K.L.:
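Sharing a structure with you now.
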Amino acid sequence: MTVLKTSLRNFMAHKGRMALSAIAVLLSVAFVSGTLVFTDTTNATFDKLFAATSSDVTVSPKNANNGDDSQAATRRIETLPAAQQKRIEGIKGVKKVAGDVTSMSITVVDSKKKDIGPDSGAPTIGTNWDPTEHRSVKLTSGRAPRGPTEVMLDADTAENKKVKIGDELRVITVPGEFRAKVVGLATFQVTNPGSTVLYMDTPSAQRLLLGRSEAFTSFALTAQPGVSNEQLKKNVLAGLGPDYKVQTKAESSDEAQDDIGSFLDIMKYAMLGFAGIAVLVGIFLIVNTFSMLVTQRTREIGLMRAIGSSRKQINRSVLIEALLLGIIGSILGVFAGVGLAVGLMKIMGSAGLNLSTDQLTVKPATPIIGLTIGIVVTVIAAYIPARRASRISPMAALRDAGTPADAKAGRIRAVIGTVLTAAGAAALLAAAGADKAADGSMFLGLGVLLTLIGFIVIGPLLAGVVIRVLAAVILRIFGPVGRMAERNALRNPRRTGATGAALMIGLALVACLSVVGSSMVASASDELDKSVGADFILQPKPGKLVTSDIQKRIAKAKGLDHISHYKQISDVRLTLPDGKTVGKDLSAATPSYAGDLRTPVVQGSLADAYRKDALSLPEGFAEDHKVKKGDTVTVAFPQGRTAKLTVAAITSDDTSLDKGALYTSIATVQAHVPADRIPTDLMILGTAKDGQEDKAYASLKKQLVDYPQIQVRDQTDYKKMMKDQIGQLLNLVYGLLALAIIVAILGVVNTLALSVVERTREIGLMRAIGLSRRQMRRMIRLESVVIALFGALLGLGLGMCWGATAQKLLALEGLKTLEIPWPTITTVFIGSAVVGLVAALIPAFRAARMNVLNAIATE
């Protein structure tokens with residue numbers, strides 16, 4: 001009980017000094033808890049949605065795609081004959097059957113020629129207004145559509161895209177396009193998944209979405225009372241045979257949940273990874289806090305030891321303080337995590353995915369995980385300072401506060417850090433020299449881990465060297481105040497090393513990702529200049545298709561020399577000369593594509609691969625299967641015939657564009673695959689006549705102004721698009737890493753604040769002999785800046801080494817250009833100095849405001 005009372009007294013006596021450490025625990029736990037709450041809420045929301053929209057049993061075609069895969073979408077949407085409805089109605093256990101018509105291969109354009117589909121990447125769905133829809137949406141304005149010139153729109157899209165009843169929309173589908181007036185709005189009764197949904201009456205949907213009447217994409221079955229879904233499925237399979245896809249409500253929900261769940265899992269684990277980085281940085285803050293508190297209480301602990309307290313009691317006292325800190329920070333972190341989850345839901349809502357806070361899900365495991373992480377991490381971080389406290393002897397009560405450094409421990413630490421850093425450097429060199437990316441990535445991961453740990457361990461040794469260099473460049477110009485700031489930063493290298501290491505971790509990751517991102521953009525740009533001969537690249541937005549009307553418009557563009565069509569045939573089965581059969585995707589294009597994308601070859605000529613019944617194979621694939629130019633490969637096209645194609649060329653793997661592609665001509669595909677089974681164009685390349693590039697570009701834009709789902713880019717536009725995409729991803733990562741950097745900044749603040757308390761008497765003496773308040777504030781600020789720059793130098797240097805090594809692995813995949821983003825690196829370095837200044841504001845103010853006499857009298 002005495003130990004507990006002592007711990008509580010010490011904790012309350014230093015509650016101000018504990019505050020920043022508690023904030024670090026709070027932020028780390030909040031990120032973990034918020035991630036779990038957000039993903040659990042999203043999963044629960046979609047579970048409810050899929051449960052509401054799924055029927056007891058669903059019957060659909062065996063190979064249904066509904067046009068939802070843009071790379072495999074064909075001109076034909078798999079359907080079931082409407083006549084099957086009566087047959088299904090006669091199956092035992094079926095109460096009711098509703099026919100469903102759904103297509104995700106549509107684009108809806110408003111009067112301003114803008115696509116009203118979601119910007120989040122969710123699909124635009126065209127469907128019939130049938131009883132299955134009534135379970136998830138409700139007609140809330142206007143009326144249901146009647147006839148081919150009327151449609152109904154979901155209310156969320158109408159609000160977001162400023163569409164109202166009476167507006168005319170243009171709908172582009174696989175069979176063609178049509179215009180229709182909005183006559184009603186439907187509101188989701190469960191969470192809107194972020195899709196744009198267009199409703200039509202059933203006959204119009206069949207004709208305009210599918211291109212044929214008397215057909216459905218699926219049937220929704222309702223079971224009779226007392227008949228389970230599993231039993232009904234068995235009855236349906238027995239009645240229809242195995243040529244259909246039959247799923248129960250649970251199976252349909254699980255399949256739909258798997259599609260969204262894979263994305264959510266990636267997001268969940270990525271966010272937890274960044275939370276882990278913040279936790280790691282928080283450990284340094286907590287270690288520093290307790291180390292300094294123990295040092296400041298050396299005399300107090302010595303007295304406790306002199307009056308009979310055992311080492312175990314002292315150790316336990318410090319750990320109890322850490323436990324209290326962990327409990328308070330973790331509890332607040334769990335509540336903050338719920339707030340963070342709500343904030344993430346609002347952000348997702350602005351992106352088109354409306355998640356209602358009514359569905360907020362906080363599972364019992366979430367606070368348990370949050371509390372466990374916060375408490376365990378805090379106690380572990382405090383263990384070393386607690387162990388150090390227990391070693392304080394009773395004689396320490398007779399000395400001034402502070403304990404002498406353990407020289408032997410410092411030497412051992414230096415040796416261990418040097419060995420780890422050297423081992424990490426060797427692993428990075430092995431990664432850079434690897435022949436295969438898979439092998440090199442293992443060495444890269446090991447090198448990153450070892451060098452990071454090595455720099456953390458060797459930090460105090462590096463602090464003595466780096467800070468002296470920084471001081472010579474930055475601090476000496478400030479005269480005696482600068483020299484005092486330098487000595488203060490060097491006074492305790494272990495503390496300075498730990499404070500700088502906390503900032504180092506976040507900045508190392510920022511530098512590494514900046515180098516990798518910039519190198520990817522530069523490499524792709526260089527490859528584009530070297531390999532792409534076409535002037536224009538035309539691509540549909542994700543989930544959209546290139547219809548025949550779009551192809552006709554492109555062909556009318558003026559100033560074009562030629563255009564090349566590019567398709568991708570999925571799930572082609574190749575039987576090779578070695579007797580093995582493998583599944584691959586086949587790239588089909590018009591012959592001019594060989595000149596528009598200059599893929600290097602190691603055997604034969606790529607132009608020959610576009611002749612009748614010919615193809616090319618990539619170098620690595622050909623080597624694996626002992627295939628050479630002139631060999632024959634048996635190709636089984638999906639839903640088509642089997643053909644024997646001659647290998648006319650072997651393409652090099654020394655490229656990043658279309659690496660590993662198997663090429664053949666569209667004419668070859670047309671000879672062996674039914675017309676309505678051939679995929680639509682995945683991409684179209686255009687080449688202008690000499691000197692008419694601007695005219696052709698303007699003409700293409702003009703021809704396609706009515707088709708906003710097609711993106712027209714010249715090579716400059718395409719490079720900018722790649723840069724923007726990678727930039728957006730990096731900005732997201734930087735935003736997540738900001739949490740770790742904020743915790744590191746708190747560490748600098750805490751270190752300075754406790755350091756000021758530790759030097760109270762010294763500060764009083766310095767003020768007494770003439771140091772002004774302004775000079776005192778400057779000294780503290782300069783000390784903070786040099787510590788921040790020390791962490792920045794280590795982090796940026798380490799990160800650039802990681803990034804350069806990663807680029808060597810990317811070079812094996814064709815991305816050969818290394819580019820160091822010096823503007824970003826410089827900005828981060830300067831920003832670190834600003835961070836140091838800001839972190840020192842409060843400690844510097846407190847130091848300058850100290851009463852001189854009281855400070856001198858401090859024990």
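Small disclaimer: the values here were computed from a predicted structure and weren't measured. Numbers here simply count residues along the sequence, with the first being 1. Note that these values count all heavy atoms, side chains included, but never hydrogens, waters or copies made by symmetry.
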K.L.:
Under 3.5 Å, side chain of Thr668 to main-chain N/O of Thr664, donor-acceptor pair present?
P.N.:
no
K.L.:
Give me the one residue out of Asp714, Asp717, Asp535 that meets side chain to side chain donor-acceptor pair (under 3.5 Å) with Tyr697.
P.N.:
Asp717
K.L.:
Donor-acceptor pair, distance only, cut-off 3.5 Å: does the side chain of Ser195 make one with the backbone of Val197?
P.N.:
no
K.L.:
Got a sec, which residues hit side-chain hydrogen bond (donor to acceptor under 3.5 Å, both in side chains) with Lys689, two or more places apart in sequence or on another chain?
P.N.:
none
K.L.:
Answer yes or no: are there more than 12 heavy-atom neighbours, outside Asp561 itself, under 6.0 Å from its atom CG?
P.N.:
yes
K.L.:
Sequence neighbours left out, cut at 3.5 Å: what donor-acceptor pairs do the side chains of residues 573-581 make with other protein atoms?
P.N.:
unit_1 : atom_1 : unit_2 : atom_2 : d
Thr575 : OG1    : Thr581 : OG1    : 3.1
Asp578 : OD1    : Lys580 : N      : 3.0
Asp578 : OD2    : His625 : ND1    : 3.1

K.L.:
Verify side chain to side chain contact (heavy atoms under 4.5 Å, CB included) between Lys245 and Val59, making sure each step is shown before the conclusion.
P.N.:
CA-CA 6 Å; Lys245 184 179 182 180; Val59 179; over 6 Å; no
K.L.:
We want to know whether Thr79 and Arg212 form a side-chain donor-acceptor pair, criterion being a heavy-atom distance below 3.5 angstrom.
P.N.:
yes
K.L.:
Nearest 0.5 Å, please: how far is CG in Leu645 from CZ in Arg611?
P.N.:
15.0 Å
K.L.:
Establish, from distance only, whether the side-chain atoms of Tyr566 and Ser587 form a donor-acceptor pair under 3.5 Å.
P.N.:
yes
K.L.:
Taking the side chain as every heavy atom from C-beta outward, state whether Val733 and Phe274 have any atom pair closer than 4.5 Å.
P.N.:
yes
K.L.:
When you measure from the side chain of Gln709 to the backbone N and O of Pro540, does any donor-acceptor pair fall under 3.5 Å?
P.N.:
no
K.L.:
Taking everything shown except Asp529 itself, do over 12 heavy atoms lie less than 6.0 Å from its CG?
P.N.:
yes
K.L.:
Under the rule for side-chain hydrogen bond (donor to acceptor under 3.5 Å, both in side chains), what residues qualify as partners of Thr646, not counting sequence neighbours?
P.N.:
none
K.L.:
Is it true that the side chains of Thr651 and Ser616 contain a donor and an acceptor less than 3.5 Å apart?
P.N.:
no
K.L.:
Answer whether the closest heavy-atom distance between the side chains of Thr107 and Val109 falls below 4.5 Å.
P.N.:
yes
K.L.:
Answer yes or no: is there a donor N or O on one side and an acceptor on the other, between the side chain of Glu619 and the main chain of Asp653, under 3.5 Å?
P.N.:
yes
K.L.:
Do the side chains of His565 and Tyr593 get nearer than 4.5 Å, heavy atoms only?
P.N.:
no
K.L.:
When the ring planes of His672 and Phe637 are compared, do they come out parallel, tilted or perpendicular, using 30° and 60° as the limits?
P.N.:
parallel
K.L.:
Consider only side-chain N and O atoms of Asp596 and Ser564, and report whether a donor and an acceptor are under 3.5 Å apart.
P.N.:
yes
K.L.:
Looking only at side-chain N and O atoms, does Arg553 offer a donor or acceptor that is under 3.5 Å from a partner on Gln551?
P.N.:
no
K.L.:
Measure across Gln807 and Leu818 and return the closest heavy-atom pair with its distance rounded to 0.1 Å.
P.N.:
OE1-CB, 3.5 Å
K.L.:
Quick one: does Ile125's side chain get under 4.5 Å of Thr102's, heavy atoms only?
P.N.:
yes
K.L.:
Do the side-chain N and O atoms of Thr124 and Lys544 include a donor-acceptor pair separated by under 3.5 angstrom?
P.N.:
yes
K.L.:
With no hydrogens and no angle check, just 3.5 Å: does a side-chain donor-acceptor pair link Thr42 and Thr39?
P.N.:
no
K.L.:
Of all residues at least two apart in sequence or in a different chain, which pass the side-chain hydrogen bond (donor to acceptor under 3.5 Å, both in side chains) check with Glu177?
P.N.:
Arg170, Tyr707
K.L.:
Do any N or O atoms from the side chain of Ser699 and from the backbone of Lys558 form a donor-acceptor pair under 3.5 angstrom?
P.N.:
yes
K.L.:
Provide the closest heavy-atom pair for Ala661 versus Pro618 in the form atom of the first, atom of the second, distance.
P.N.:
O-CD, 3.7 Å
K.L.:
Does the side chain of Met800 come within less than 4.5 Å of Ile820's, by heavy atoms?
P.N.:
yes
K.L.:
For Ala688 versus Ala696, what's the shortest heavy-atom pair and its separation?
P.N.:
CB-CB, 3.8 Å
K.L.:
Whether the side chain of Ser519 engages the backbone of Glu819 through a donor-acceptor N/O pair (distance < 3.5 Å, no angle test) should be reported.
P.N.:
yes
K.L.:
Side-chain donor-acceptor pairs under 3.5 Å in residues 628-636, sequence neighbours left out?
P.N.:
unit_1 : atom_1 : unit_2 : atom_2 : d
Asp631 : OD2    : Lys628 : N      : 2.9
Thr634 : OG1    : Lys644 : NZ     : 3.3

K.L.:
Give a yes or no on whether the backbone of Val174 and the side-chain of Thr547 come within a donor-acceptor separation of less than 3.5 Å.
P.N.:
no
K.L.:
More than 12 heavy atoms of other residues, nucleotides or ligands under 6.0 Å from NZ of Lys808: is that the case?
P.N.:
no
K.L.:
If I take atom CD from residue Gln568 and atom CG from residue Asp585, how far apart are they, to the nearest 0.5 angstrom?
P.N.:
4.5 Å
K.L.:
Around atom NZ of Lys719, are there more than 12 heavy atoms of other residues, nucleotides or ligands at under 6.0 Å?
P.N.:
yes
K.L.:
Which atoms form the tightest heavy-atom contact between Asp608 and Ala614, and what is the distance?
P.N.:
O-CB, 3.5 Å
K.L.:
Determine the minimum heavy-atom distance between Ser523 and Leu815, stating which atoms define it.
P.N.:
OG-C, 3.3 Å
K.L.:
Going from OG on Ser103 to CG on Leu545, what distance comes out if it is rounded to the nearest 0.5 angstrom?
P.N.:
8.0 Å
K.L.:
Can you check whether Arg713 reaches Gln711 side chain to side chain, under 4.5 Å on heavy atoms?
P.N.:
yes
K.L.:
With a 4.0 Å cut-off on N to O distance, would you call Asp654 and Lys816 a salt bridge?
P.N.:
yes
K.L.:
Looking only at atom types and distance, does a side-chain atom of Gln715 sit under 3.5 Å from a main-chain N or O of Val532, one as donor and one as acceptor?
P.N.:
yes
K.L.:
Using 0.5 Å steps for rounding, measure from the CD1 atom of Ile554 to the CG atom of Asp549.
P.N.:
11.0 Å
K.L.:
Dump the intermediate steps for side chain to side chain contact (heavy atoms under 4.5 Å, CB included) on Lys701 and Val705, then the final yes or no.
P.N.:
CA-CA 6 Å; Lys701 289 278 192 180; Val705 70; over 6 Å; no
K.L.:
Just so I know, are the side chains of Met683 and Leu538 near enough to count as touching, which here means a heavy-atom distance under 4.5 Å?
P.N.:
no
K.L.:
Side-chain polar contacts of residues 427-449 - donor-acceptor pairs under 3.5 angstrom, sequence neighbours left out - could you list them?
P.N.:
unit_1 : atom_1 : unit_2 : atom_2 : d
Ser441 : OG     : Ala437 : O      : 3.4
Ser441 : OG     : Ala438 : O      : 2.7

K.L.:
Evaluate the side-chain proximity of Leu700 to Phe536: yes if any heavy-atom separation is below 4.5 Å, no if none is.
P.N.:
yes
K.L.:
To the nearest 0.5 Å, what is the distance between CG on Leu513 and CE on Met520?
P.N.:
11.0 Å
K.L.:
Less than 4.0 angstrom from a charged side-chain N to a carboxylate O is my criterion; do Lys530 and Asp526 meet it?
P.N.:
no
K.L.:
For Leu208, does its backbone N or O pair with a side-chain atom of Thr173 as donor and acceptor, under 3.5 Å?
P.N.:
yes
K.L.:
Quick one, Leu704 with Ile550, criterion side chain to side chain contact (heavy atoms under 4.5 Å, CB included). Give me CA distance, side-chain angles, the key distance, then yes/no.
P.N.:
CA-CA 7 Å; Leu704 295 173; Ile550 292 172; 3.9 Å; yes
K.L.:
Starting at CD of Glu214, measure out to CD of Gln84 and round the result to the nearest 0.5 Å.
P.N.:
13.0 Å
K.L.:
Could you go through the side chain to side chain contact (heavy atoms under 4.5 Å, CB included) check for Tyr610 and Thr590 one step at a time?
P.N.:
CA-CA 7 Å; Tyr610 293 98; Thr590 45; over 6 Å; no
K.L.:
For Gly517 versus Ile726, what's the shortest heavy-atom pair and its separation?
P.N.:
CA-CG2, 3.8 Å
